[in-house]
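Below is one structure, written out as structure tokens; the observations come after it.
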Amino acid sequence: MLDTTDKHIFSFGRGKADPCVDDLHRLGGKGANLAEMSRIGLPVPPGFTISTDMCLAFFKNGRQMPDDLREDIKAAVAHLETVTKQKLGDLENPLLVSVRSGAQVSMPGMMDTVLNLGLNDETVEALARRTNDPRFAYDTYRRFIQMYATVVIGVPHSLFEERLETARERAGVERDQDLGVEDLQKLITGYLIDIEADMDDPFPQDPYEQLWGAIEAVFASWRNPRALTYRALHAIPDDWGTAVTVQMMVFGNSGMESATGVAFTRDPSTGEKRFFGEYLLNAQGEDIVAGTRTPDPLAPDPNSKRRSMRETLPHSFSQLQQLATMLEEHFGDMQDVEFTIDNGSLWILQTRSGKRTVTAGIRIAVDLAKEKLISKSEAVLRVDPASVDQLIHPMVDPNAPRKRLGSGLPASPGAATGAVVFTADAAVEAAEKGQDIILLRPETSPDDIHGMVAARGIVTSRGGMTSHAAVVARGMGRPCITSVNSLHIDHDAKVARFGKMVVHEGEMVTVDGSAGDVLLGKVPTIQREVSGDFATLLGWADEIRRMKVRANVDKAGDAEIARSFGAEGIGLCRTENMLTSDLAVHLMRRVIMSDSERDRRTILDELLPLQRAALVDLFEHMPGQPVCVRLLDPPLEEFLPRDADKLVSFAKKVKRDVDDVLLRAEELKELNPMLGNRGVRLAICYPEIAEMQTRAIIEAAIEAGQKSGAPVVPEIVVPLVSHFKELRYLRDKLADAAADVTRRHKAKIRYLVGCIVEVPRAAIRADLISGAADFFSFGTNDLTQTTLGISRDDASHFLSKYLQLGLIDHDPFITLDRDGVGEVISQAIEKGRQANPSLLLGVTGEHGGDPKSIRYFEELGIDYVSCSPYRIPVARLAAAQATVRNGG
Ligand code: PEP
Ligand code: MG
């Protein structure tokens with residue numbers, strides 16, 4: 001292919017398209033796909049795309065188009081005029097164009113568009129003559145002035161709304177479509193007067209002046225507030241810029257043989273393979289996107305009386321269906337196709353991989369692989385691991401009593417409960433106070449994006465499955481219902497009326513996005529399980545992935561959930577979380593208050609059965625799997641009551657001198673408990689505790705193994721180790737305790753001993769430490785805390801400032817700090833494996849469930865990640881993707 005980096009404008013149409021290197025980046029998704037569609041012979045209106053580098057140049061040039069670009073655009077327009085046999089500004093056969101944005105990834109509705117450009121007081125007459133339809137011509141001119149003035153000149157939209165309302169009243173009609181030619185002409189004159197009064201400048205009549213204005217406005221919209229919010233939300237880089245596509249207009253509003261619509265090759269809500277979509281007869285695209293008119297279905301819908309496109313325009317319907325299928329096969333993914341029918345001729349305006357719900361995304365990926373359009377690994381790569389999180393989260397309990405306020409289209413599934421608000425700003429304000437919010441709107445526009453982010457769920461009274469609210473909510477995983485016809489919002493009274501039922505601002509409702517029902521009050525939700533296509537996809541992920549996925553659990557119930565989600569053992573059982581019963585806490589307090597080792601041992605003998613029973617319960621839920629149990633980690637003072645009264649009553653209960661008890665509690669207090677006597681240090685100071693726990697672990701493994709027939713492989717892990725000698729000293733003690741148990745029970749049990757690597761010194765001396773360890777478990781929570789010197793409990797308020805300023809890209813407690821903590825881990829692995837090649841490596845901090853971090857752990861050769869039960873499906877998928885991306 002030619003090197004096209006010096007070229008900034010790329011023409012397409014009539015079966016051809018200029019070649020472009022790195023076309024997705026430079027032409028944006030829309031431009032690249034238009035060029036590709038033109039190449040494969042689809043009917044796309046001819047036009048040209050100005051590359052994204054010019055958007056960056058526009059900003060660099062003080063928000064002005066570089067001069068030489070104007071010359072290049074003029075040449076591209078001349079070419080377009082030849083191809084279309086029309087001419088910009090011509091008084092016989094005027095060329096009208098659309099000017100649209102298009103970034104590398106689609107940002108629906110976030111940037112600006114101008115349609116019908118090229119119309120003025122004279123060309124409108126030419127259009128009327130050419131189409132023999134003056135009403136259409138003047139309505140198109142009215143739309144153009146309205147759009148251009150708001151988008152490019154910055155005239156407030158309300159100005160046009162008022163004029164339009166007056167025009168409707170004067171003409172005695174209810175709908176804009178019913179205004180006649182003279183009404184429209186008067187309206188246009190009024191618009192032009194208002195604009196001139198408002199801006200001190202007449203509306204531009206020169207088509208080129210219009211074109212420069214529109215292109216600059218589309219470039220500028222890359223940095224409008226809603227685009228900035230959307231990019232921040234979806235982590236889209238600011239330096240990509242948008243391309244601008246200038247394309248010959250085709251008209252969906254030119255009569256009853258004309259229409260505009262959106263088609264999906266599969267259902268974007270469920271993923272079902274059915275041709276799905278909506279259209280509006282005699283309308284332009286913006287009417288659908290804005291959600292101001294409720295569109296009709298493409299294919300007949302048994303539940304609706306609306307006339308489908310198959311019935312009204314059967315020929316165009318079957319042509320569209322055929323082309324859409326072709327596009328899906330060509331691009332290997334579900335397509336979202338925008339089309340226009342202009343007097344019976346079908347035009348494809350845009351195609352892209354359709355936004356979809358997570359459920360639909362999984363079903364589509366699985367079906368495409370089964371249809372052999374893509375491979376299984378490609379299917380696994382298609383689903384964003386972070387998004388599957390929402391599938392494991394609750395849905396409205398189908399058996400719970402429900403009082404339905406209203407229903408509409410199930411635009412985005414899931415369940416959410418919250419207090420109702422009626423504006424995006426109110427949603428943000430209430431969410432900042434920690435309230436769960438449901439946003440109720442007549443319809444949403446891109447200006448509401450901040451409110452949609454803040455809300456748990458969204459309900460609109462108008463719009464369809466493809467209107468702004470639906471598309472954006474699906475992308476964000478928020479439940480959403482559109483077209484709730486019975487909903488009327490009274491902003492002044494701050495109430496929403498669902499027919500006769502009234503809901504005041506602040507009252508609770510539940511959104512059942514899967515059923516499309518708005519329910520009164522808080523309705524119970526239930527947990528979902530991994531089944532169907534999701535289970536199939538995870539099964540494929542399991543075939544692919546190299547790393548194992550374990551769970552961080554310490555309760556039998558959680559272990560069961562973890563197993564149901566596919567956990568392959570337990571990576572971390574925090575024993576302090578097992579000793580929470582009143583009796584266990586009481587015994588621990590007695591241990592802490594004891595003066596001698598002998599007394600402590602006697603009390604620990606009483607604690608042993610409790611520890612053992614909890615472990616047996618846990619082990620029974622993980623038959624045959626490895627289970628890593630951590631010796632006591634927190635500082636002892638955490639077992640003591642905070643207030644002195646409780647200490648006094650404890651002293652009385654155990655018949656101890658109150659002053660002695662208070663003094664001992666005082667002695668245990670540390671200024672920096674997290675850097676104090678905890679982890680391995682406790683075990684060194686009080687080895688009898690570690691010994692009791694070791695006994696409990698080995699005895700529980702024997703007992704659970706006898707019960708289940710498949711013993712676990714216990715792994716005993718020592719927290720906070722930094723010196724080789726600490727681990728070796730303790731390992732001998734643990735080995736003695738374990739040997740004593742196996743001797744007494746005449747049992748053989750294979751167990752491992754390792755340490756949590758969570759302070760940098762352990763990583764630095766991994767060569768020595770690995771000599772005493774069978775495994776390393778990277779405790780990345782503490783390792784992040786100790787490497788960065790940032791408290792994991794207090795960091796969020798200043799880290800948010802760092803994030804805001806762009807000083808860091810991620811919160812290091814969520815996504816591993818690759819360059820710092822990652823380096824420490826990498827060193828530990830290298831040194832550890834060199835000295836002990838069979839060293840087993842796991843990650844048990846929160847990062848074990850974070851897809852980005854998992855990618856890095858794969859590169860490092862970690863053997864398993866361990867995370868909370870609900871993150872396990874996410875981790876299974878992320879680990880498989882990491883294997884594929886790492887070339888495995
Ligand atoms: C860690 O520090 O990463 C860890 C696994 O343990 P905890 O979160 O209990 O400190
Ligand atoms: Mg830790």
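Note that the structure is a prediction, hence the values are computed from the model and not measured. Whatever order the structure lists them in is the order used to number ligands and atoms, beginning at 1. Computed over heavy atoms, backbone and side chain alike; hydrogens, waters and symmetry mates excluded.
- Looking only at side-chain heavy atoms (C-beta outward), Phe565 and Arg871 stay at 4.5 Å or farther from each other.
- The Thr844 neighbourhood of ligand 1 comprises atoms 5 (C), with distances under 4.0 Å to a heavy atom of that residue.
- For Ala556, the side chain to side chain contact (heavy atoms under 4.5 Å, CB included) partners two or more places apart in sequence, or in a different chain, are Asp617, His621.
- The minimum distance between the Mg ion (ligand 2) and any N, O or S atom of Asp782 involves atom OD2.
- By the 3.5 Å distance cut-off applied to N or O atoms, Asp633 is not counted among the residues near ligand 1.
- The shortest side-chain heavy-atom distance between Ser777 and Val757 does not fall under the 4.5 Å cut-off.
- If you number the atoms of ligand 1 from 1 as listed, the ones under 4.0 Å from a heavy atom of Leu572 come out as 5 (C).
- Atoms of ligand 1 lying under 4.0 Å from any heavy atom of Asp782, numbered from 1 in the order shown and given with element: 1 (C), 2 (O), 3 (O), 10 (O).
- Residues satisfying the side chain to side chain contact (heavy atoms under 4.5 Å, CB included) test with Ser708, not counting sequence neighbours, are Pro623, Ala710.
- At least one N/O-N/O distance between Arg574 and ligand 1 falls below 3.5 Å.
- The closest side-chain donor-acceptor pair between Glu568 and Gln625, if any, does not fall under 3.5 angstrom.
- Remark: the Glu846 side chain and the Thr780 side chain contain no N/O donor-acceptor pair separated by less than 3.5 Å.
- Using a non-hydrogen distance threshold of 4.0 Å, Arg792 registers as a contact of ligand 1.
- Inter-residue side-chain proximity for Tyr729 and Ile684 is flagged as met; some heavy-atom pair is nearer than 4.5 Å.
- Residue Asp633 does not count as close to the Mg ion (ligand 2), with no N, O or S atom under 2.8 Å.
- Within the 4.0 Å heavy-atom cutoff, Arg630 counts among the residues contacting ligand 1.
- Relative to atom 1 (C) of ligand 1, the option among Ser866, Gly779, Pro634 with the closest non-hydrogen atom is Gly779.
- In summary, the side chains of Ser387 and Asp384 do not present any donor paired with an acceptor at a separation below 3.5 Å, with no hydrogens or angles considered.
- Counting just the N/O/S atoms of Glu758, the one with the shortest distance to the Mg ion (ligand 2) is named OE1.
- For ligand 1, the atoms lying closer than 4.0 Å to a non-hydrogen atom of Glu758 are 1 (C), 2 (O).
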